[in-house]
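See below for the structure under consideration.
Order of listing sets the numbers, starting from 1, for every ligand and every atom in it.
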Amino acid sequence: MKIFTNIKELQTDILQCKKESKSIGYVPTMGYLHEGHAYLMDQARKENDIVVVSIFVNPLQFGPNEDFESYPRDFERDQLVAQNHHVDYIFYPSVDEMYPNQPSVSVSVVDRTDVLCGKSRPGHFDGVATVLIKLFNIVMPDKAYFGMKDAQQVAVVDGVINDFNFPIELVPVETVREEDGLAKSSRNVNLLPEERVQAPAIYQGLKLAKEAIVNGETDPNKIVNIVESYINDQTKGTIDYIEIYSYPELREMDKLTGKIIIAVAVKFNNVRLIDNLIIQLKNE
Ligand code: PAF
């Protein structure tokens, strides 16, 4: 496994791989790798000759009051995880390497961002899109792997790839969960012990919503109420949002139909957790 901190050196190597007709699978991450990331790496390993993982905590996607400083980091451990999952290249740039000077172009995502996390995190997806456009140009992957835990991010990346004509296949990968159903996240380590016990209620609430939908409920407000009462009963967290949209367009619906997302964000003391379920309804 090779570790690159320099953009030019990585690009030189990647271009050589491309000359040798090797396919490149790419897993962008902010590090503190967990089983969710490992699952993405395994998927990339199965489908490509070369697997590249980037580890970069991107300051542009954190708001002024968000957790950029406290975002967990452990590069030594990340290297072991990547090695165990047969990654070929780690790209581990510094902030100065990625953003050496004031930008001359700014990226603004204008669709699929005024709902869910985009609504409460202004500028977040502009930062995600900016770094991914740079990373896609640096890594030049054939396929890029993203976890569906952040389904809005997947919808935004889909827009970036299409709008900027990147010759990249977006591979959405299902959410990996703890045994009790809590979606794996680097941020879970910041939960207090009692919050960790309560946190699986987020997924349980989503499953109750799915059950109601499968049993014929088509009113989005009723579904939201089911999830809201459950999470409020079972946790001391504060609900940031519970929303239902068409997926991946993220448009509001009066009556549930087609492919939909139910997405939830809950704030605990030191961490805000998100989760979602995508459901394909048969009533189209
Ligand atoms: O999902 C993440 O970890 C980040 O948003 C990403 C895609 C690596 C961009 O910084």
Side-chain angles (χ1 to χ4, degrees), residues 4 7 10 24-41 43-44 51-63 66-75 77-78 81-82 85 87 89-95 97-99 103 106-109 112-113 116-118 120-139 141 143-161 164 166 168-176 183-190 248 263 265 271-276:
F4 293 85
I7 294 173
L10 175 63
I24 315 282
Y26 175 41
V27 181
T29 82
M30 298 205 298
Y32 213 74
L33 303 177
H34 53 69
E35 284 165 57
H37 296 116
Y39 195 61
L40 299 178
M41 293 175 208
Q43 192 89 3
V51 175
V52 182
V53 170
S54 60
I55 295 176
F56 179 62
V57 185
N58 172 35
L60 285 197
Q61 67 190 74
F62 290 81
E66 291 183 357
D67 57 348
F68 174 68
E69 297 300 338
S70 65
Y71 194 86
R73 294 161 170 87
D74 189 346
F75 185 58
R77 194 178 138 276
D78 286 349
V81 176
H85 290 270
V87 165
Y89 299 166
I90 293 185
F91 179 47
Y92 180 56
S94 64
V95 172
E97 180 69 7
M98 288 298 283
Y99 302 115
S106 85
V107 177
S108 165
V109 184
R112 304 178 178 182
T113 54
L116 305 174
C117 291
S120 53
R121 301 183 75 188
H124 168 69
F125 285 111
D126 297 346
V128 170
T130 304
V131 80
L132 285 176
I133 290 168
K134 288 168 74 71
L135 289 165
F136 286 161
N137 281 320
I138 293 165
V139 177
K143 294 186 179 187
Y145 296 78
F146 288 85
M148 278 303 287
K149 184 169 89 68
D150 196 341
Q152 185 172 22
Q153 175 166 273
V154 174
V156 168
V157 175
D158 177 61
V160 168
I161 288 180
F164 288 85
F166 282 106
I168 298 173
E169 182 187 334
L170 167 61
V171 184
V173 179
E174 71 193 77
T175 303
V176 180
K184 300 248 183 197
S185 164
S186 306
R187 291 187 166 101
N188 290 349
V189 292
N190 292 333
V271 61
R272 177 177 169 281
L273 300 182
I274 58 168
D275 202 352
N276 68 76

* Asked: Hey, does Thr29 come in under 3.5 Å of ligand 1, counting only N/O atoms on both sides?
  -> no

* Please confirm whether Gln153 comes within less than 3.5 Å of ligand 1 when only nitrogen or oxygen atoms on both sides are compared. => yes

* Asked: Any idea how Tyr71 and Phe62 line up, ring-wise: parallel (<30°), tilted (30 to 60°), or perpendicular (>60°)?
  -> perpendicular

* Contact summary for Phe136 and Pro141, nearest pair of heavy atoms -> O-CD, 3.6 Å

* To do: Go through ligand 1 atom by atom and flag the ones less than 4.0 Å from a non-hydrogen atom of Pro28.
  => 8 (C)

* For ligand 1, which atoms, with element, lie under 4.0 Å from some heavy atom of Val131? -> 9 (C), 10 (O)

* **Gap separating the CD1 atom of Ile55 from the CD1 atom of Ile90, nearest 0.5 angstrom** => 4.5 Å

* Nearest-option assignment for atom 9 (C) of ligand 1, heavy atoms, candidates Lys149, Lys134, Met30, Gln61 -> Gln61

* Applying a strict 4.0 Å limit to heavy atoms, is Asp150 in contact with ligand 1? -> no

* To do: Determine whether more than 12 heavy atoms belonging to other residues, nucleotides or ligands lie under 6.0 Å from atom CD of Glu66.
  => yes

* **Any Val81 side-chain heavy atom under 4.5 Å of Val87 side chain** => no

